[in-house]
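Report on one structure; see the data block that follows.
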Number of protein chains: 2
Amino acid sequence: MTSSQAVQCEQTMRALRHASLVVNSKWKLPLLVALLTGTRHFRGLERSVAGISTKMLAKELKELEAQHLISRTVYPGPPVVVEYQALPYAQSLNPVIEVLKAWGMQHEQHVEALKAVSMA
Amino acid sequence: MTSSQAVQCEQTMRALRHASLVVNSKWKLPLLVALLTGTRHFRGLERSVAGISTKMLAKELKELEAQHLISRTVYPGPPVVVEYQALPYAQSLNPVIEVLKAWGMQHEQHVEALKAVSMA
DNA sequence: CTGGATCCGGAAAGATACTG
DNA sequence: CAGTATCTTTCCGGATCCAG
(Lines give C-alpha, C1' and ligand atoms only; values in the text may rest on other atoms or scores of the structure.)
Protein backbone atom coordinates (compact mmCIF):
# COMPACT_ATOMS: atom_id res chain seq x y z
CA MET A 1 0.00 0.00 0.00
CA THR A 2 1.35 3.40 -0.96
CA SER A 3 1.23 6.29 1.48
CA SER A 4 -1.29 8.14 -0.69
CA GLN A 5 -3.54 5.13 -0.38
CA ALA A 6 -3.19 5.30 3.38
CA VAL A 7 -4.16 8.98 3.37
CA GLN A 8 -7.15 8.26 1.12
CA CYS A 9 -8.15 5.46 3.41
CA GLU A 10 -8.09 7.67 6.49
CA GLN A 11 -10.09 10.39 4.74
CA THR A 12 -12.68 7.82 3.76
CA MET A 13 -12.95 6.55 7.30
CA ARG A 14 -13.30 10.07 8.66
CA ALA A 15 -16.10 10.76 6.17
CA LEU A 16 -17.75 7.45 7.01
CA ARG A 17 -17.71 8.33 10.70
CA HIS A 18 -19.55 11.58 9.98
CA ALA A 19 -22.03 9.90 7.66
CA SER A 20 -22.63 7.17 10.21
CA LEU A 21 -24.12 9.72 12.61
CA VAL A 22 -27.16 9.69 10.36
CA VAL A 23 -26.91 6.53 8.33
CA ASN A 24 -25.66 4.10 10.92
CA SER A 25 -28.98 3.72 12.65
CA LYS A 26 -31.59 1.09 12.23
CA TRP A 27 -34.45 3.57 11.87
CA LYS A 28 -33.24 6.98 10.65
CA LEU A 29 -33.11 6.25 6.93
CA PRO A 30 -36.44 4.39 6.79
CA LEU A 31 -37.94 7.26 8.76
CA LEU A 32 -36.51 9.82 6.35
CA VAL A 33 -37.80 7.82 3.40
CA ALA A 34 -41.28 7.98 4.90
CA LEU A 35 -40.95 11.68 5.60
CA LEU A 36 -39.53 12.49 2.17
CA THR A 37 -42.59 10.82 0.68
CA GLY A 38 -44.81 13.26 2.53
CA THR A 39 -45.54 15.01 5.76
CA ARG A 40 -46.50 12.60 8.46
CA HIS A 41 -47.84 12.35 11.94
CA PHE A 42 -46.50 10.25 14.78
CA ARG A 43 -48.96 7.39 14.31
CA GLY A 44 -48.58 7.39 10.56
CA LEU A 45 -44.82 7.07 10.88
CA GLU A 46 -45.19 4.30 13.42
CA ARG A 47 -47.33 2.42 10.92
CA SER A 48 -45.19 3.01 7.86
CA VAL A 49 -41.87 2.11 9.48
CA ALA A 50 -42.46 -1.56 10.17
CA GLY A 51 -41.25 -2.79 13.52
CA ILE A 52 -40.36 0.47 15.23
CA SER A 53 -41.50 0.99 18.82
CA THR A 54 -43.00 4.23 20.07
CA LYS A 55 -39.99 4.80 22.25
CA MET A 56 -37.48 4.50 19.44
CA LEU A 57 -39.69 6.53 17.14
CA ALA A 58 -39.80 9.39 19.64
CA LYS A 59 -36.08 9.21 20.21
CA GLU A 60 -35.10 9.06 16.54
CA LEU A 61 -37.44 11.91 15.65
CA LYS A 62 -35.80 14.06 18.35
CA GLU A 63 -32.35 13.24 17.03
CA LEU A 64 -33.30 13.94 13.42
CA GLU A 65 -34.73 17.27 14.52
CA ALA A 66 -31.51 18.10 16.40
CA GLN A 67 -29.58 17.22 13.23
CA HIS A 68 -31.72 19.70 11.27
CA LEU A 69 -33.00 17.00 8.96
CA ILE A 70 -36.65 17.28 9.93
CA SER A 71 -38.95 19.84 11.54
CA ARG A 72 -41.62 19.36 14.18
CA THR A 73 -44.59 21.68 14.15
CA VAL A 74 -47.37 21.79 16.70
CA TYR A 75 -50.74 23.16 15.61
CA PRO A 76 -52.60 23.99 18.82
CA GLY A 77 -56.08 22.56 18.67
CA PRO A 78 -58.22 21.28 19.77
CA PRO A 79 -57.44 18.87 18.46
CA VAL A 80 -53.68 19.39 18.80
CA VAL A 81 -51.88 18.21 15.68
CA VAL A 82 -48.14 17.51 15.55
CA GLU A 83 -46.61 17.42 12.11
CA TYR A 84 -43.19 16.10 11.17
CA GLN A 85 -41.67 17.23 7.91
CA ALA A 86 -38.41 16.58 6.08
CA LEU A 87 -36.35 19.76 5.73
CA PRO A 88 -34.82 20.61 2.35
CA TYR A 89 -31.39 19.46 3.55
CA ALA A 90 -32.78 15.95 3.97
CA GLN A 91 -33.03 15.78 0.18
CA SER A 92 -29.24 15.64 0.06
CA LEU A 93 -29.60 12.09 1.32
CA ASN A 94 -31.51 11.00 -1.78
CA PRO A 95 -28.40 9.74 -3.60
CA VAL A 96 -27.39 7.81 -0.48
CA ILE A 97 -30.85 6.25 -0.23
CA GLU A 98 -30.82 5.37 -3.93
CA VAL A 99 -27.45 3.63 -3.78
CA LEU A 100 -28.33 1.75 -0.60
CA LYS A 101 -31.65 0.71 -2.10
CA ALA A 102 -29.94 -0.59 -5.22
CA TRP A 103 -27.30 -2.45 -3.22
CA GLY A 104 -29.86 -3.79 -0.77
CA MET A 105 -32.01 -5.21 -3.56
CA GLN A 106 -29.12 -6.89 -5.30
CA HIS A 107 -27.76 -8.14 -1.97
CA GLU A 108 -31.09 -9.80 -1.21
CA GLN A 109 -30.83 -11.59 -4.56
CA HIS A 110 -27.22 -12.49 -3.83
CA VAL A 111 -28.13 -14.02 -0.48
CA GLU A 112 -31.05 -15.93 -2.01
CA ALA A 113 -28.75 -17.33 -4.68
CA LEU A 114 -26.22 -18.48 -2.09
CA LYS A 115 -28.96 -20.13 -0.07
CA ALA A 116 -30.22 -21.98 -3.14
CA VAL A 117 -26.72 -23.27 -3.86
CA SER A 118 -26.16 -24.42 -0.28
CA MET A 119 -29.42 -26.39 -0.34
CA ALA A 120 -28.67 -28.08 -3.65
CA MET B 1 -49.47 10.20 -1.49
CA THR B 2 -50.45 7.93 -4.39
CA SER B 3 -50.62 4.18 -3.91
CA SER B 4 -47.68 3.66 -6.30
CA GLN B 5 -45.65 5.93 -4.06
CA ALA B 6 -46.61 3.79 -1.12
CA VAL B 7 -45.45 0.66 -2.94
CA GLN B 8 -42.19 2.35 -3.92
CA CYS B 9 -41.71 3.42 -0.34
CA GLU B 10 -42.16 -0.10 1.01
CA GLN B 11 -39.77 -1.52 -1.56
CA THR B 12 -37.21 1.07 -0.57
CA MET B 13 -37.56 0.22 3.10
CA ARG B 14 -37.28 -3.48 2.38
CA ALA B 15 -34.08 -2.85 0.44
CA LEU B 16 -32.75 -0.60 3.19
CA ARG B 17 -33.36 -3.31 5.77
CA HIS B 18 -31.29 -5.75 3.73
CA ALA B 19 -28.54 -3.22 3.15
CA SER B 20 -28.49 -2.33 6.82
CA LEU B 21 -27.38 -5.86 7.69
CA VAL B 22 -24.00 -4.86 6.35
CA VAL B 23 -23.98 -1.09 6.41
CA ASN B 24 -25.71 -0.42 9.69
CA SER B 25 -22.76 -1.26 11.85
CA LYS B 26 -20.21 0.99 13.41
CA TRP B 27 -17.25 -1.01 12.16
CA LYS B 28 -18.11 -3.09 9.08
CA LEU B 29 -17.66 -0.43 6.42
CA PRO B 30 -14.44 1.00 7.88
CA LEU B 31 -13.18 -2.58 8.13
CA LEU B 32 -14.09 -3.28 4.52
CA VAL B 33 -12.42 -0.06 3.43
CA ALA B 34 -9.23 -1.22 5.13
CA LEU B 35 -9.53 -4.69 3.61
CA LEU B 36 -10.32 -3.39 0.12
CA THR B 37 -7.12 -1.38 0.31
CA GLY B 38 -5.14 -4.56 0.81
CA THR B 39 -4.88 -7.86 2.59
CA ARG B 40 -4.50 -7.42 6.31
CA HIS B 41 -3.78 -9.22 9.52
CA PHE B 42 -5.68 -8.98 12.80
CA ARG B 43 -3.33 -6.50 14.45
CA GLY B 44 -2.98 -4.44 11.30
CA LEU B 45 -6.74 -4.05 11.08
CA GLU B 46 -6.89 -3.17 14.76
CA ARG B 47 -4.43 -0.38 14.08
CA SER B 48 -5.99 0.95 10.90
CA VAL B 49 -9.56 1.04 12.18
CA ALA B 50 -9.24 3.70 14.85
CA GLY B 51 -11.02 2.93 18.09
CA ILE B 52 -12.07 -0.67 17.53
CA SER B 53 -11.54 -3.18 20.35
CA THR B 54 -10.16 -6.68 19.82
CA LYS B 55 -13.49 -8.11 20.83
CA MET B 56 -15.49 -6.14 18.29
CA LEU B 57 -12.84 -6.74 15.64
CA ALA B 58 -13.09 -10.50 16.13
CA LYS B 59 -16.88 -10.38 16.11
CA GLU B 60 -17.19 -8.18 13.03
CA LEU B 61 -14.66 -10.25 11.11
CA LYS B 62 -16.66 -13.40 11.84
CA GLU B 63 -19.86 -11.76 10.67
CA LEU B 64 -18.28 -10.43 7.50
CA GLU B 65 -16.93 -13.90 6.80
CA ALA B 66 -20.40 -15.41 7.35
CA GLN B 67 -21.79 -12.82 4.93
CA HIS B 68 -19.24 -13.92 2.32
CA LEU B 69 -17.70 -10.50 2.12
CA ILE B 70 -14.26 -11.52 3.35
CA SER B 71 -12.16 -14.65 3.61
CA ARG B 72 -10.02 -15.89 6.48
CA THR B 73 -6.98 -17.97 5.70
CA VAL B 74 -4.69 -19.60 8.22
CA TYR B 75 -1.13 -20.33 7.20
CA PRO B 76 0.19 -22.86 9.72
CA GLY B 77 3.50 -21.72 11.05
CA PRO B 78 5.35 -21.36 13.05
CA PRO B 79 4.63 -18.59 13.21
CA VAL B 80 0.95 -19.01 12.45
CA VAL B 81 -0.26 -16.25 10.16
CA VAL B 82 -3.93 -15.43 9.73
CA GLU B 83 -4.83 -13.41 6.68
CA TYR B 84 -8.10 -11.59 6.08
CA GLN B 85 -8.98 -10.65 2.54
CA ALA B 86 -11.90 -8.88 0.87
CA LEU B 87 -13.73 -11.23 -1.50
CA PRO B 88 -14.62 -9.99 -5.00
CA TYR B 89 -18.24 -9.50 -3.94
CA ALA B 90 -17.10 -6.88 -1.42
CA GLN B 91 -16.21 -4.67 -4.39
CA SER B 92 -19.92 -4.27 -5.04
CA LEU B 93 -19.95 -2.04 -1.98
CA ASN B 94 -17.60 0.47 -3.60
CA PRO B 95 -20.43 2.69 -4.90
CA VAL B 96 -22.02 2.62 -1.44
CA ILE B 97 -18.74 3.61 0.17
CA GLU B 98 -18.20 6.36 -2.39
CA VAL B 99 -21.60 7.95 -1.91
CA LEU B 100 -21.35 7.71 1.87
CA LYS B 101 -17.89 9.25 1.76
CA ALA B 102 -19.17 12.12 -0.38
CA TRP B 103 -22.18 12.74 1.82
CA GLY B 104 -20.13 12.42 5.00
CA MET B 105 -17.63 15.01 3.81
CA GLN B 106 -20.28 17.51 2.79
CA HIS B 107 -22.23 16.81 5.99
CA GLU B 108 -19.17 17.64 8.08
CA GLN B 109 -18.97 20.99 6.25
CA HIS B 110 -22.69 21.50 6.73
CA VAL B 111 -22.43 20.93 10.47
CA GLU B 112 -19.41 23.24 10.71
CA ALA B 113 -21.33 25.96 8.89
CA LEU B 114 -24.30 25.64 11.23
CA LYS B 115 -22.01 25.81 14.23
CA ALA B 116 -20.38 29.00 12.91
CA VAL B 117 -23.79 30.61 12.42
CA SER B 118 -24.95 29.68 15.90
CA MET B 119 -21.83 31.23 17.45
CA ALA B 120 -22.13 34.50 15.52
C1' DC C 1 4.74 -11.75 20.07
C1' DT C 2 0.00 -12.71 17.40
C1' DG C 3 -4.87 -14.21 17.38
C1' DG C 4 -8.19 -14.52 19.76
C1' DA C 5 -11.99 -16.00 23.99
C1' DT C 6 -14.17 -14.75 28.41
C1' DC C 7 -16.14 -12.08 32.18
C1' DC C 8 -18.11 -7.91 33.89
C1' DG C 9 -20.50 -3.33 34.15
C1' DG C 10 -22.76 0.39 31.82
C1' DA C 11 -25.39 1.91 27.79
C1' DA C 12 -28.63 1.35 24.40
C1' DA C 13 -32.64 -1.10 22.31
C1' DG C 14 -37.30 -3.38 22.79
C1' DA C 15 -41.94 -4.36 24.56
C1' DT C 16 -45.75 -2.49 26.44
C1' DA C 17 -48.57 -0.17 29.84
C1' DC C 18 -49.91 4.22 31.00
C1' DT C 19 -50.94 9.52 30.73
C1' DG C 20 -52.53 14.30 29.10
C1' DC D 1 -53.16 11.27 19.08
C1' DA D 2 -48.61 11.99 20.86
C1' DG D 3 -45.87 10.69 23.44
C1' DT D 4 -43.52 9.07 28.59
C1' DA D 5 -42.40 5.57 32.32
C1' DT D 6 -40.91 1.22 33.36
C1' DC D 7 -39.05 -3.15 32.93
C1' DT D 8 -36.33 -6.58 30.33
C1' DT D 9 -32.93 -7.83 27.23
C1' DT D 10 -29.35 -7.27 24.33
C1' DC D 11 -25.11 -4.92 22.93
C1' DC D 12 -20.55 -2.62 23.62
C1' DG D 13 -16.09 -1.52 25.57
C1' DG D 14 -12.26 -2.52 28.75
C1' DA D 15 -9.60 -5.56 31.11
C1' DT D 16 -7.96 -9.88 31.52
C1' DC D 17 -6.71 -14.46 30.27
C1' DC D 18 -5.16 -18.24 27.21
C1' DA D 19 -2.97 -20.95 23.27
C1' DG D 20 0.54 -21.36 19.73
Side-chain angles (χ1 to χ4, degrees), chain A residues 1 13 16-17 19-32 34-35 37-67 69-87, chain B residues 1 13 16-32 34-35 38-67 69-87:
Chain A
M1 179 167 62
M13 296 208 192
L16 287 180
R17 276 196 301 276
S20 76
L21 297 178
V22 174
V23 173
N24 190 350
S25 150
K26 188 172 177 181
W27 305 112
K28 284 194 177 63
L29 283 188
L31 219 35
L32 284 170
L35 285 165
T37 313
T39 298
R40 300 301 194 81
H41 299 180
F42 197 89
R43 276 296 157 192
L45 290 168
E46 197 168 5
R47 258 174 266 122
S48 69
V49 178
I52 196 169
S53 68
T54 62
K55 182 183 148 185
M56 289 310 294
L57 179 54
K59 186 192 153 216
E60 299 287 46
L61 285 172
K62 272 181 200 168
E63 289 181 11
L64 288 171
E65 196 190 351
Q67 289 173 320
L69 286 161
I70 68 173
S71 65
R72 178 180 184 272
T73 313
V74 180
Y75 298 99
V80 173
V81 174
V82 180
E83 185 177 284
Y84 292 94
Q85 201 169 349
L87 292 176
Chain B
M1 180 167 61
M13 294 206 196
L16 287 180
R17 275 197 300 276
H18 281 272
S20 77
L21 297 178
V22 174
V23 173
N24 191 352
S25 148
K26 187 171 178 182
W27 305 112
K28 284 195 178 63
L29 283 187
L31 219 36
L32 284 169
L35 285 164
T39 298
R40 299 301 194 80
H41 300 178
F42 196 89
R43 298 289 166 187
L45 290 168
E46 196 170 4
R47 262 172 263 122
S48 69
V49 178
I52 196 169
S53 67
T54 65
K55 189 174 105 180
M56 290 310 296
L57 180 55
K59 185 190 153 218
E60 299 288 47
L61 286 171
K62 269 183 201 166
E63 290 181 10
L64 287 172
E65 195 188 354
Q67 290 172 319
L69 287 161
I70 68 173
S71 66
R72 177 179 185 273
T73 314
V74 180
Y75 298 98
V80 174
V81 173
V82 181
E83 185 176 283
Y84 293 93
Q85 202 169 348
L87 291 176

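So that the names make sense, note that chain A is the first sequence line, chain B the second, and so on, each numbered from 1.
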Practice prompt. Before giving the answer on side-chain contact (heavy atoms from CB on, under 4.5 Å), spell out for A:F42 and A:V82 the whole-Å C-alpha distance, their side-chain angles and the decisive distance to 0.1 Å.
Written response: CA-CA 7 Å; A:F42 197 89; A:V82 180; over 6 Å; no

ask   = After noting the C-alpha distance and the side-chain angles of B:T54 and B:R43, does the key distance pass the side-chain contact (heavy atoms from CB on, under 4.5 Å) rule?
value = CA-CA 9 Å; B:T54 65; B:R43 298 289 166 187; 4.2 Å; yes

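Shortest non-hydrogen contact noted between A:L87 and A:S71 is CD2-CB, 3.7 Å. In terms of heavy-atom proximity, A:S53 sits nearest to A:E46 at C-OE2, 4.4 Å. Across all non-hydrogen atoms, the minimal contact from A:Y84 to A:L35 is O-CD2, 3.6 Å. The minimum heavy-atom distance between A:L45 and A:A34, with the atom names listed, is CD2-CB, 3.9 Å.
Rounded to an integer number of Å, the gap from A:L61 CG to D:dC1 P is 15 Å. As rounded to whole Å, 8 Å separates atom P of D:dG3 from atom NZ of A:K62. The interatomic distance linking A:M56 (CE) with D:dA5 (P) rounds to 16 Å, in whole Å. Atom-to-atom, CH2 of B:W27 to P of D:dC12 comes out at 11 Å; the value is rounded to the nearest Å.
Side-chain nitrogen and oxygen atoms of A:R40 include none within less than 4.0 Å of the OP1 or OP2 phosphate oxygen of D:dC1.
Considering only residues two or more places apart in sequence or on other chains, A:S48 meets the side chain to side chain donor-acceptor pair (under 3.5 Å) condition with A:R40. Applying the salt bridge (charged side-chain N to carboxylate O under 4.0 Å, His left out) test to B:K62 and every residue at least two apart in sequence or in another chain returns nothing. Under the salt bridge (charged side-chain N to carboxylate O under 4.0 Å, His left out) criterion, A:R47 pairs with no residue, sequence neighbours left out. Not counting sequence neighbours, the partners of A:V81 by the side-chain contact (heavy atoms from CB on, under 4.5 Å) test are A:H41, A:Y75.
If you walk DNA chain C from 5' to 3' and mark each nucleotide with an atom closer than 4.0 Å to a heavy atom of chain B, the marks span C:dT2 to C:dC7.
The end-to-end axis angle of the helix from C:dC1-D:dG20 to C:dG20-D:dC1, rounded to 10 degrees and based on five pairs per end, is 20°.
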Compile the donor-acceptor pairs under 3.5 Å between side chains in residues 21-31 of chain B and protein atoms, sequence neighbours left out, one pair per line.
residue	atom	partner	partner atom	Å
B:N24	OD1	A:S25	N	3.3
B:N24	ND2	A:S25	O	3.1
B:S25	OG	B:W27	N	3.2
B:S25	OG	B:K28	N	3.2
B:S25	OG	B:E60	OE2	2.9
B:K28	NZ	B:E60	OE1	2.9
B:K28	NZ	B:E63	OE1	2.5

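Contacts of residues 41-50 of chain B with DNA chain C (heavy atom under 4.0 Å): B:H41, B:F42, B:R43.
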B/S/- along nucleotides 14-20 of chain D (protein heavy atoms under 4.0 Å) is B------

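For residues 69-85 of chain B, no pair satisfies salt bridge (charged side-chain N to carboxylate O under 4.0 Å, His left out), with sequence neighbours left out.
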